[in-house]
Amino acid sequence: MNRTMITATNTLAQLQKQMDSISHNIANANTNGYKSRETTFSDLVVQEYRNQPQDQLEANRLTPYNIRQGTGAKIAQSQLVLTQGALKTTDRGLDTAFTKEGQFYTILAQGEDGSSSVSYTRDGAFYLTPVSETESMVVTGNGDSVLDENGEPISFTGTPKEFKIAGNGEFVAIMADGSSQQRNLGVVRVDKPQFLEQKGHNLYGLPGNLGELGVTENDIVTGLNGALRSEIAIQQRALEQSNVDVSKEMTDLLNVQRGYQFHSRSISIADQMLGLVNGIR
């Protein structure tokens with residue numbers, strides 16, 4: 001009975017993590033550019049007991065030898081799903097959307113401690129904020145700076161009256177006097193999404209322990225600069241919706257709840273059996 005309780009308890013903790021992931025997906029179903037996560041399970045350590053020491057008695061056995069007893073399951077991976085979301089047309093010149101999977105804008109995100117780090121997002125709803133009387137900067141809805149291909153914040157001198165954003169990320173601001181200023185949006189291609197970490201505010205970033213994981217930054221993301229800019233596919237005056245399938249998430253949530261109920265019941269039954277054993281005189 002103790003093994004039953006241990007197995008059920010281990011699995012319950014992992015089911016709770018899966019439920020949290022599903023809840024997070026559902027909560028962000030209407031978040032621009034949000035990418036859902038899928039969790040997969042694997043067995044924990046399995047113990048094998050040899051119940052038949054005489055091999056000659058197992059000659060015609062069709063089932064696996066010995067008795068295998070597990071200790072529950074764990075979440076093997078929480079995979080970021082990069083499938084394309086639906087596009088929603090808007091009337092804003094600063095609204096952009098990727099039309100290819102795996103491409104992200106580079107953002108200079110500000111941490112709570114005042115530090116800044118390069119992060120990535122699919123949310124292309126940009127805004128213009130004044131930096132001084134003569135200069136303005138392109139930022140996200142959270143106020144983080146949008147970076148260009150050189151890793152510098154995109155800013156313009158003067159008063160832009162119109163924006164033109166080409167499919168390859170060329171960002172042109174047309175000023176009130178008719179002049180124009182051009183920048184190139186910083187875009188990366190994610191090659192190994194399983195290593196990206198969610199940083200909050202619809203941002204993703206690289207893990208801090210790349211050395212321990214045996215990968216480098218270049219293994220995870222590739223900057224689309226120079227000749228690679230031809231791979232960029234951006235549509236202006238549109239926003240990408242999340243790729244969350246609410247019906248699928250609700251089905252997964254029901255399955256997780258049933259599994260949670262099953263393992264909770266296992267603990268209750270094991271406790272009742274222990275009570276019966278202890279009550280024997």
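- Closest non-hydrogen pair, S119 versus K199, comes out as OG-CG, 4.5 Å.
- In this structure, the side chains of K17 and T39 stay at 4.5 Å or more apart for every pair of heavy atoms.
- By the 4.5 Å heavy-atom criterion applied to side chains, N25 and S36 are counted as neighbours.
- Residues passing the side chain to side chain contact (heavy atoms under 4.5 Å, CB included) test with D177, sequence neighbours excluded: M175, S179.
- Partners of F104 according to the ring pair (Phe, Tyr, Trp, His ring centres under 6.0 Å) rule, which considers only residues two or more places apart in sequence or in another chain, are Y204.
- In this structure, the side chain of R237 does not engage the main chain of T90 through any donor-acceptor pair within 3.5 Å.
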If you apply the rule side-chain contact (heavy atoms from CB on, under 4.5 Å), what do you find for I165 with V172, and how did you get there?
CA-CA 6 Å; I165 303 173; V172 179; over 6 Å; no
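- No chain of hydrophobic side-chain contacts below 4.5 Å, direct or via other Ile, Leu, Val, Met, Phe, Trp or Tyr residues, connects L203 to V221.
- In this structure, E101 has no salt bridge (charged side-chain N to carboxylate O under 4.0 Å, His left out) partners at least two apart in sequence or on a different chain.
- Not a single donor-acceptor pair under 3.5 Å links the side chain of E38 to the backbone N or O of Q79.
- Using a 4.5 Å heavy-atom cutoff, the side chains of L206 and F195 are not in contact.
- Side-chain heavy-atom separations under 4.5 angstrom define the hydrophobic clusters, and V81 shares its cluster with no other residue.
- Nearest heavy atom pair, residue L80 against residue R37, reads N-NH1, 3.8 Å.
- Note on M19 and L254: separate hydrophobic clusters, where clusters join Ile, Leu, Val, Met, Phe, Trp and Tyr whose side-chain heavy atoms are under 4.5 Å apart, directly or indirectly.
- At a threshold of 4.5 Å between non-hydrogen side-chain atoms, the residues I174 and K164 count as touching.
- The two residues D191 and D219 have their closest heavy-atom pair at CB-O, 3.8 Å.
- Side-chain atoms of N225 do not come within 3.5 Å of backbone N or O of N150 as any donor-acceptor pair.
- The backbone N or O of T83 lies less than 3.5 Å from a partner atom in the side chain of K35, making a donor-acceptor pair.
- Without hydrogens or angle criteria, R92 side chain to F126 main chain gives a donor-acceptor distance under 3.5 Å.
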Give the intermediate values and the outcome of side-chain contact (heavy atoms from CB on, under 4.5 Å) for residues L12 and Q16.
CA-CA 6 Å; L12 281 173; Q16 181 62 57; over 6 Å; no
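- In this structure A125 satisfies the side chain to side chain contact (heavy atoms under 4.5 Å, CB included) test together with D95, D123, Y127, L239, sequence neighbours excluded.
- For F98, the ring pair (Phe, Tyr, Trp, His ring centres under 6.0 Å) partners at least two apart in sequence or on another chain are Y105.
- Under a 3.5 Å cut-off, the side chain of T96 and the backbone N or O of G124 do form a donor-acceptor pair.
- When hydrophobic clusters are built by joining Ile, Leu, Val, Met, Phe, Trp and Tyr residues whose side-chain heavy atoms come closer than 4.5 Å, directly or via intermediates, L228 is grouped together with I234.
- Following chains of ILVMFWY side-chain contacts shorter than 4.5 Å, one cannot reach Y120 starting from V146, and the two form parts of different hydrophobic clusters.
- Under the 4.5 Å side-chain criterion, counting only non-hydrogen atoms from C-beta, Y34 is in contact with Q198.
- In this structure, the side chain of N202 does not engage the main chain of T121 through any donor-acceptor pair within 3.5 Å.
- If you take CZ on R122 and CD on Q103, they are separated by 7.0 Å, rounding to the nearest 0.5 Å.
- Between D271 and M5 the shortest side-chain heavy-atom distance falls below 4.5 Å.
- Checked by atom type and distance alone, the side chain of K88 never pairs as donor or acceptor with a backbone atom of Q241 at under 3.5 Å.
- Linking Ile, Leu, Val, Met, Phe, Trp and Tyr residues whenever their side-chain heavy atoms come within less than 4.5 Å leaves V188 and I107 in two separate clusters.
- Under the 3.5 Å distance criterion, the side-chain polar atoms of D144 are left unmatched by any main-chain donor or acceptor of T140.
- A 4.5 Å side-chain heavy-atom check between Q18 and L15 finds at least one atom pair inside the cut-off.
- Looking at heavy atoms from C-beta onward, S136 lies out of side-chain contact with T129 at the 4.5 angstrom threshold.
- For S266 (side chain) and F262 (main-chain N/O), a donor-acceptor pair under 3.5 Å exists by modelled atom type.
- For the residue pair S155 and E135, a side-chain donor N or O sits within less than 3.5 Å of a side-chain acceptor on the partner.
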